[in-house]
Q: 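Below you will find the structure I want to go over with you.
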Amino acid sequence: MYDVYGIIGDPVSHSLSPVMHNLAFRELQIKAVYGAFRVKKEELLQAIEAIKVLGIRGVSVTIPHKESIISYLDEVSEVCRVIGAVNTVVRREGKLVGYNTDWIGVMRAFEARGVDLKGKRVVIIGAGGASRAVIYACKKAGVSKIVLYNRTWERSRKLAQEFALEAKPWEALDQAEGDIIIQTTSVGLKSKESPISSETLKNFSIAMDIVYLPLKTKFLEDAEKRGLLTIDGLQMLLYQGVEQFKLFTGLEAPVKLLEEALYDEVKKIEKELKLG
Ligand code: ATR
């Protein structure tokens with residue numbers, strides 16, 4: 001008997017999670033398979049019932065269900081409530097339990113590059129769902145200061161209030177400064193755009209992007225040219241997946257192997273989409 005896992009979301013056809021989890025199952029000789037299940041926004045409740053009835057052992061959750069799934073699960077971890085999102089569901093004694101590993105992905109991506117977040121001054125661009133996981137990770141890691149910039153002021157003001165941080169107007173982004181800058185908006189996804197001028201990036205020493213298509217976004221390309229240490233979006237994806245695998249199986253995933261497979265896969269997608 002093979003255990004079944006999968007990802008639920010819409011779209012999921014280009015998801016890299018099946019690549020990661022299936023490879024890890026194979027490498028560790030675990031009898032399990034991981035599929036991609038397209039579940040439309042209005043089909044979430046049915047999908048949850050299906051997970052229960054079919055005995056699916058665990059799922060990754062992606063757009064558009066990360067927030068709305070919270071109210072349908074039997075239990076969710078405290079972190080999910082703070083971040084407001086679930087990206088992992090595991091069946092435990094018949095109950096569906098929600099977790100969030102996105103923030104751990106952010107933290108471990110920095111660790112893997114030898115960056116200690118403790119005491120650092122961080123600037124975050126964006127105030128959406130991804131930004132919340134990044135903020136949580138930064139706080140947990142003990143950064144000394146977070147300044148938030150978002151196109152829509154009301155959204156950053158609210159987020160800043162909720163997490164007790166500073167928000168500055170979008171128009172002031174050119175004067176941003178600090179140790180680390182983290183790009184959490186969708187700007188640069190499948191395009192050659194960056195939300196910040198290349199000139200401003202010289203006020204920082206480390207840049208992270210959560211966008212991974214293309215792998216080298218305009219933001220990271222500019223940062224690299226300015227001599228910053230850069231961390232691409234695939235690192236966060238890799239480490240949130242590694243943590244998710246641990247929740248699914250209780251085992252450590254073969255990180256290096258998964259990393260290589262992820263980079264290969266993204267390069268293929270870049271070629272397909274002519275983004276390289
Ligand atoms: P996610 O969950 O991926 O963070 P989201 O909640 O839709 O997605 O948030 C998207 C983020 O990208 C927001 O911060 C959004 O800014 P607004 O709050 O002003 O919408 C930001 N964003 C998207 N397109 C943008 C653009 N063209 N310029 C600047 N910011 C943009």
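This is a predicted model, so every value here is computed, not measured.
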Q: To the closest 0.5 Å, what do you measure between CD1 (Ile124) and CZ (Arg132)?
A: 12.0 Å
Q: Should Val19 and Leu23 count as side-chain neighbours, where that means a heavy-atom distance under 4.5 Å?
A: no
Q: For the atom pair OG1 (Thr88) and CG (Leu247), what is the distance rounded to the nearest 0.5 Å?
A: 6.0 Å
Q: Quick one: do Leu234 and Leu215 satisfy side chain to side chain contact (heavy atoms under 4.5 Å, CB included)? Show the steps, please.
A: CA-CA 7 Å; Leu234 218 44; Leu215 215 40; 3.7 Å; yes
Q: Can you list everything that forms a side-chain contact (heavy atoms from CB on, under 4.5 Å) with Lys158? Sequence neighbours excluded, please.
A: Glu154
Q: Just wondering, do Ile30 and Leu251 contact through their side chains at under 4.5 Å, heavy atoms?
A: yes
Q: Give a yes or no on whether Val53 and Val4 share a hydrophobic cluster (residues Ile, Leu, Val, Met, Phe, Trp, Tyr; joining criterion: side-chain heavy atoms under 4.5 Å apart).
A: no
Q: Quick one: does Ile69's side chain get under 4.5 Å of Val89's, heavy atoms only?
A: yes
Q: I'd like to know if Val211 and Met236 are part of one continuous hydrophobic network [Ile/Leu/Val/Met/Phe/Trp/Tyr, side-chain heavy atoms within less than 4.5 Å].
A: no
Q: Restricting to non-hydrogen atoms, name the atom on Thr101 and the atom on Gln240 that form the minimum distance, rounded to 0.1 Å.
A: OG1-O, 2.9 Å
Q: Taking the side chain as every heavy atom from C-beta outward, state whether Ile125 and Thr184 have any pair of such atoms under 4.5 Å apart.
A: no
Q: Could you tell me which residues satisfy side-chain contact (heavy atoms from CB on, under 4.5 Å) with Tyr72, sequence neighbours excluded, listed by chain and number?
A: Leu44, Leu45, Ile48
Q: Has the side chain of Glu260 got a donor or acceptor atom that lies under 3.5 Å from a matching backbone atom of Leu257?
A: no
Q: Considering only distance and modelled atom types, tabulate donor-acceptor pairs under 3.5 Å from the side chains of residues 105-118, sequence neighbours left out.
A:
residue : atom : partner : partner atom : Å
Arg108  : NH1  : Glu243  : OE1          : 3.4
Arg113  : NH1  : Thr230  : O            : 2.8
Asp116  : OD1  : Lys118  : N            : 3.2

Q: Restricting to side-chain contact (heavy atoms from CB on, under 4.5 Å), what partner residues turn up for Glu193, sequence neighbours left out?
A: Val187, Ser191
Q: Can you pull out every ring-ring contact (aromatic ring centres under 6.0 Å, His included) where at least one residue sits in residues 129-151? Sequence neighbours excluded, please.
A: Trp103-Tyr136
Q: Out of curiosity, does Ile210 fall in the hydrophobic cluster containing Ile231 (side-chain heavy atoms, cut-off under 4.5 Å, transitive links)?
A: yes
Q: Pro214 and Thr217: which non-hydrogen atoms are nearest, and at how many Å?
A: O-CG2, 3.4 Å
Q: To the nearest 0.5 Å, what is the distance between CG (Asn87) and CG (Asp102)?
A: 4.0 Å
Q: Do Ile196 and Gln183 make a side-chain contact, defined as non-hydrogen atoms from C-beta onward lying under 4.5 Å apart?
A: no
Q: Suppose the criterion is ring-ring contact (aromatic ring centres under 6.0 Å, His included): which pairs have a residue in residues 183-235, not counting sequence neighbours?
A: none
Q: Are Ile83 and Ile104 connected, step by step, through hydrophobic side chains (Ile, Leu, Val, Met, Phe, Trp, Tyr) whose heavy atoms are closer than 4.5 Å?
A: yes
Q: Flag yes if more than 12 heavy atoms outside Lys202 fall under 6.0 Å of its NZ atom; otherwise flag no.
A: yes
Q: I'd like to know if Glu199 pairs up with Arg226 as an ion pair, taking the criterion as any Lys NZ or Arg NE/NH1/NH2 lying under 4.0 Å from an Asp or Glu carboxylate oxygen.
A: yes
Q: How long is the gap from CG on Leu73 to CD1 on Ile51, to the nearest 0.5 Å?
A: 8.5 Å
Q: Which pairs, with at least one residue in residues 20-30 and sequence neighbours excluded, count as a side chain to side chain donor-acceptor pair (under 3.5 Å)?
A: His21-Gln244
Q: Ignoring hydrogens, what is the shortest heavy-atom contact between Val134 and Ile182? Give both atom names and the distance.
A: CG1-CD1, 3.7 Å
Q: Between Arg81 and Glu78, does any side-chain N to carboxylate O distance fall below 4.0 Å?
A: no
Q: Run the ring-ring contact (aromatic ring centres under 6.0 Å, His included) test against Phe25 and tell me which residues pass, sequence neighbours left out.
A: Tyr5, Phe245
Q: What heavy-atom pair brings Cys80 and Val86 nearest, and what distance separates the two atoms?
A: SG-CG2, 3.7 Å
Q: Side chain to side chain contact (heavy atoms under 4.5 Å, CB included), that's the test. Do Glu252 and Lys246 meet it? Break it down for me.
A: CA-CA 6 Å; Glu252 285 295 336; Lys246 204 188 288 176; 2.9 Å; yes
Q: Donor-acceptor pairs under 3.5 Å, side chain of residues 6-18 to any protein atom, not counting sequence neighbours: which ones?
A:
residue : atom : partner : partner atom : Å
Asp10   : OD1  : Arg38   : NE           : 2.8
Ser15   : OG   : Ser17   : N            : 3.1

Q: Passes salt bridge (Lys or Arg N to Asp or Glu O under 4.0 Å), Lys267 versus Glu270? Steps please.
A: CA-CA 5 Å; Lys267 279 173 195 152; Glu270 281 183 342; over 6 Å; no
Q: Taking only residues at least two apart or on different chains, which pairs with a member in residues 207-219 satisfy salt bridge (charged side-chain N to carboxylate O under 4.0 Å, His left out)?
A: Lys216-Glu224, Lys218-Asp222
Q: Supply the atom-to-atom distance Ile269 CD1 to Leu213 CG, rounded to the nearest 0.5 angstrom.
A: 5.5 Å
Q: Does some side-chain heavy atom of Ile180 sit less than 4.5 Å from a side-chain heavy atom of Val123?
A: no
Q: Given 3.5 Å as the limit, does a donor-acceptor pair link the side chain of Ser197 with the main chain of Thr200, or not?
A: yes
Q: Between Trp153 and Leu165, is there a shared hydrophobic cluster once you connect ILVMFWY residues whose side-chain heavy atoms come closer than 4.5 Å?
A: no
Q: Give a yes or no answer on whether the side chain of Asp74 reaches the backbone of Val97 with a donor-acceptor pair at less than 3.5 Å.
A: no
Q: Between Asp232 and Tyr263, does any side-chain donor sit less than 3.5 Å from a side-chain acceptor?
A: yes
Q: Is the number of heavy atoms from other residues, nucleotides or ligands under 6.0 Å of Arg57 CZ greater than 12?
A: no
Q: Test Arg92 against Glu75 for side chain to side chain contact (heavy atoms under 4.5 Å, CB included), laying out the working first.
A: CA-CA 10 Å; Arg92 299 215 186 277; Glu75 285 171 32; over 6 Å; no
Q: Walk me through it: do Lys192 and Glu221 pass the test salt bridge (Lys or Arg N to Asp or Glu O under 4.0 Å)?
A: CA-CA 10 Å; Lys192 268 278 174 200; Glu221 192 178 277; 3.0 Å; yes
Q: Please tabulate, one pair per line, all N/O donor-acceptor pairs under 3.5 Å involving side-chain atoms of residues 138-148, not counting sequence neighbours.
A:
residue : atom : partner : partner atom : Å
Lys139  : NZ   : Phe163  : O            : 2.5
Ser144  : OG   : Gly119  : O            : 3.0
Ser144  : OG   : Lys120  : O            : 3.3

Q: Kindly compute the distance separating CD (Gln161) from OG (Ser156), expressed to the nearest 0.5 Å.
A: 11.5 Å
Q: Quick one: are Val255 and Leu238 in side-chain contact, heavy atoms under 4.5 Å?
A: yes
Q: Please name the pair of heavy atoms, one in Thr152 and one in Asn150, separated by the smallest distance, quoted to 0.1 Å.
A: O-ND2, 3.0 Å
Q: Got a sec, which residues hit side-chain contact (heavy atoms from CB on, under 4.5 Å) with Asp264, two or more places apart in sequence or on another chain?
A: none
Q: For Thr185 and Gly126, work out which heavy atoms get closest and say how close.
A: CG2-CA, 3.6 Å
